[in-house]
Amino acid sequence: MLVPSPRPSPVTPTLDLDARGVQHGHLRLPHSRDDSAWGSVMIPICVIANGDGPTALLTGGNHGDEYEGPAALFELARTLAPEAVSGRVIIIPALNYPAFRAGTRTSPIDRGNLNRSFPGRPDGTVTEKIADYVTRHLVPLADVVLDFHSGGKTLDFLPYAAAHELPDKDQEARCFAAVAAFSAPYSMKMLEIDAVGMLDTTVEELGKVFITTELGGAGTASAHSIGIARRGATNVLKHAGILKCEPERQATRWLDMPSSDCFAFAQDDGLIAFQIDLGQPVRAGDVIARVYPIGRTGGAPAEYRAALDGMLAARHVPGLIKAGDCLAVLAVVKERL
Ligand code: ZN
């Protein structure tokens, strides 16, 4: 039986992914629209290659309102000297570029959530075409993938690097060794609410080393969180052997998300009054937050209690919440991984 060959990607890189030296260019994705009949989305990309060695793919802006990754990666692309590199570093600071330009989680073109669109489609939406290009043309080049996230406009996180529990325990150990090398203040064994469609899953299923982060949020980035991202990116390159020196290790606290009991979701709209802040401990049964009805005075707040002993690892922002929103995430502190 004839198997149709996969449709080629419409994305064209304006640089040579296999050339040595420093190149700054774009992934050009045709996008015909009212203000540009034969226009394109131009996603900035940098390739720095020298000698022999592994390839790292570093991505930020997978969600457009998360800023530690873009801040660290625009700077790294500008400053990383090719003489220091053994192998190749592919840097895309703002992967969902239309979303990044709009300052929104999803793309203003198609409302696509890039990290729910993998492995993507070459004949799909703009967001699906970006995912497809990454899946079929960039991930296969990479030995290690670091994809930066933070909370965006509606969540705020303790600063952590993370990997997932994987069926291949050797691969899982390699991922957590890279998380340890990243040296964020916290290191998480992360449980996803829904892992379908994520870049994480696509890379992990190919047996590669994958590291993600949650480094803050609230729709901005601080000097502290950008510093963590910059040190983490170079530490991962050092750990991979692409930069020939030891990672600059800092103390980290290991956290685990053992079950879906870690997540608390709002059941009604209202005004949040958190009773604890990020990084503070809770015991099972403690009140994490009260959510006040805001239509009139006199109403009792709904109380949201911790389902397990742990620490507040993420919280909703800003101050009002809607039914179904993620209110809080708890993590369990571990002595070690
Ligand atoms: Zn994200």
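Atoms within a ligand are numbered from 1 in the order they appear, just like the ligands themselves. Every value quoted in this text rests on a predicted model; they were computed, and no experiment measured them.
- Here the side chains of R20 and R88 are not in contact, with every heavy-atom distance at 4.5 Å or above.
- No more than 12 heavy atoms of other residues, nucleotides or ligands lie within 6.0 Å of CZ in R101, so this atom counts as exposed by the packing criterion.
- Partner of L243 under the side chain to side chain contact (heavy atoms under 4.5 Å, CB included) criterion, out of L237, V236, N235, V89: L237 alone.
- The existence of a salt bridge linking D325 and K322 is confirmed by a sub-4.0 Å separation between a basic side-chain nitrogen and an acidic carboxylate oxygen.
- Among the backbone and side-chain atoms of E214, no N/O/S atom is found under 2.8 Å from the Zn ion (ligand 1).
- Distances from the Zn ion (ligand 1) to each N, O or S atom of H149 single out ND1 as the nearest.
- Minimum-distance N/O/S atom of H63 relative to the Zn ion (ligand 1): ND1.
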